[in-house]
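Taking it in order: structure first as structure tokens, then the write-up.
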Amino acid sequence: MAPVVSLPVGTPPQTQQMVLDTGSQLSWIQCHKKLPWPSPPAAMFDPSLSSTFSVLPCNHPICKPRVPDFTLPTTCDQNRLCHYSYFYADGTLAEGNLVREKFTFSRATSTPPLTLGCAQDTSDTKGILGMNLGRLSFPSQAKITKFSYCIPARTGSAFPTGAFYLGNNPNSAAFRYVDLLTFGQSQRMPNLDPLAYTVVMVGVRIGGNRLSILPSVFRPDASGSGQTMVDSGSELTYFVDEAYKKVKEEIVRLVGPKLKKGYVYGNVADMCFDSNMGPLIGDMVLEFDKGAGNVIGKEQMLHNVEGKVWCVAIGRSEMIGVASNIIGNVHQQNHWVEFDIANRRVGFGKADCTRSV
């Protein structure tokens with residue numbers, strides 16, 4: 001499950017639930033189709049109730065193909081409005097019209113009109129808050145140079161409330177920072193996502209043992225393969241095969257006889273057990289440049305995927321068709337994660353996210 005924030009959209013504001021996704025650019029909301037419902041479901045946005053809502057026509061510059069950093073396929077619909085459709089890595093489809101709308105936080109505080117998707121044909125009631133480095137992401141359009149969140153650990157079927165800051169975080173004095181890698185137009189490579197929050201990771205420790213993985217495995221090569229990104233929209237962490245194999249070797253060494261034989265979660269994760277083996281495996285540390293590190297406690301190493309089945313929350317990147325390392329939201333739980341865009345860095349700070357304000 002990805003973190004969800006509730007934000008006030010439109011004038012007057014309508015509260016919309018949006019998945020906080022640092023791995024995508026376009027923000028979109030669930031819009032109401034006037035038919036077949038006589039009134040929109042409460043979770044959806046009704047454009048007719050907002051005085052600041054407008055739809056982008058086909059001749060708008062953003063609607064033209066090959067706009068830099070904006071990779072959504074756009075077409076003209078029968079009303080000469082800008083239509084988009086987008087498939088996410090998990091196969092989810094979002095499509096609708098590109099629109100302009102404000103986020104209205106109070107009478108005195110609102111964003112300028114932002115370009116959003118107004119989705120009408122999706123299988124979910126939530127929208128997406130696109131938070132990457134693209135020029136049409138929410139931070140870029142709203143001129144937000146810093147944001148942070150704290151995702152609480154899921155306990156059973158309960159989903160406790162965490163925290164989300166736009167701007168300065170009062171807890172940041174305790175954060176450890178790692179620099180972002182950024183990529184210019186001349187550095188575009190086939191396997192690279194230049195708009196992701198790419199960090200310099202140098203190693204992995206499990207139960208105090210540093211795994212024999214070369215630091216170059218976590219850095220983009222000439223094709224862009226090996227990039228390491230922080231992605232709140234991905235549930236699991238994913239490693240390229242060179243790293244994944246070493247992690248699995250260590251898990252087998254520690255608790256091999258207890259592995260659930262023949263079981264693979266979601267076709268990506270095969271280090272699974274019939275109970276939480278975290279206490280026997282120990283903590284995991286993702287080591288970053290300049291001595292920074294993200295300590296993942298043994299209680300967060302594994303993820304309860306179904307019933308009593310627990311899996312190490314790491315999948316093989318190859319199985320989702322990417323050549324990148326991805327730090328997913330399970331391994332961000334009970335940490336502040338701050339994206340300091342102005343200073344090109346990401347900060348991490350241990351926290352009890354059920355109590356973080």
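FYI, the numbering just counts along the sequence from 1. Since we're looking at a predicted model, the values are computed, not measured.
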Any side-chain heavy-atom pair of [X] and [Y] under 4.5 Å:
| X | Y | result |
| --- | --- | --- |
| Gln332 | Val230 | yes |
| Gln227 | Ser324 | yes |
| Phe138 | Leu166 | yes |
| Pro170 | Tyr165 | yes |
| Gln14 | Val9 | no |
| Leu129 | Ser27 | yes |

* How about Tyr197 and Phe339: are their ring centroids closer than 6.0 Å? -> yes
* Could you tell me if the ring centre of Trp28 sits under 6.0 Å from that of Tyr84? =>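 Ring-ring flag for Trp28/Tyr84: false, centres at least 6.0 Å apart.
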* What distance do Ile206 atom CD1 and Leu254 atom CG have between them, rounded to the nearest 0.5 Å? -> 7.5 Å
* Structure fact -> d(Leu180 CG, Asp340 CG) to nearest 0.5 Å is 8.5 Å
Is a side-chain N or O of [X] found less than 3.5 angstrom from the main chain of [Y], in a donor-acceptor match?
| X | Y | value |
| --- | --- | --- |
| Gln141 | Leu136 | yes |
| Asn325 | Gly226 | yes |
| His335 | Val337 | no |
| Asn343 | Arg345 | no |
| Asn304 | Trp310 | no |
| Asp283 | Gly297 | no |

Restricting to non-hydrogen atoms, name the atom on [X] and the atom on [Y] that form the minimum distance, rounded to 0.1 Å.
| X | Y | answer |
| --- | --- | --- |
| Ala351 | Cys150 | CB-SG, 3.9 Å |
| Gly130 | Pro139 | O-CD, 3.6 Å |
| Ala269 | Ile314 | CB-O, 3.6 Å |

* In plain terms, say whether Asp270 and Lys248 are close enough for a salt bridge, that is, a side-chain N and a carboxylate O under 4.0 Å apart. => yes
* Hey, is CZ on Arg210 packed in by over 12 heavy atoms from elsewhere, all under 6.0 Å? -> yes
* Asked: Which is it for Cys63 and Cys82 under the disulfide bond (SG atoms under 2.5 Å apart) test, yes or no, and what are the steps along the way?
  -> CA-CA 6 Å; Cys63 197; Cys82 188; 2.1 Å; yes
* Residue pair Phe348, Tyr177: steps toward the ring-ring contact (aromatic ring centres under 6.0 Å, His included) verdict -> CA-CA 6 Å; Phe348 298 94; Tyr177 289 92; 8.9 Å; no
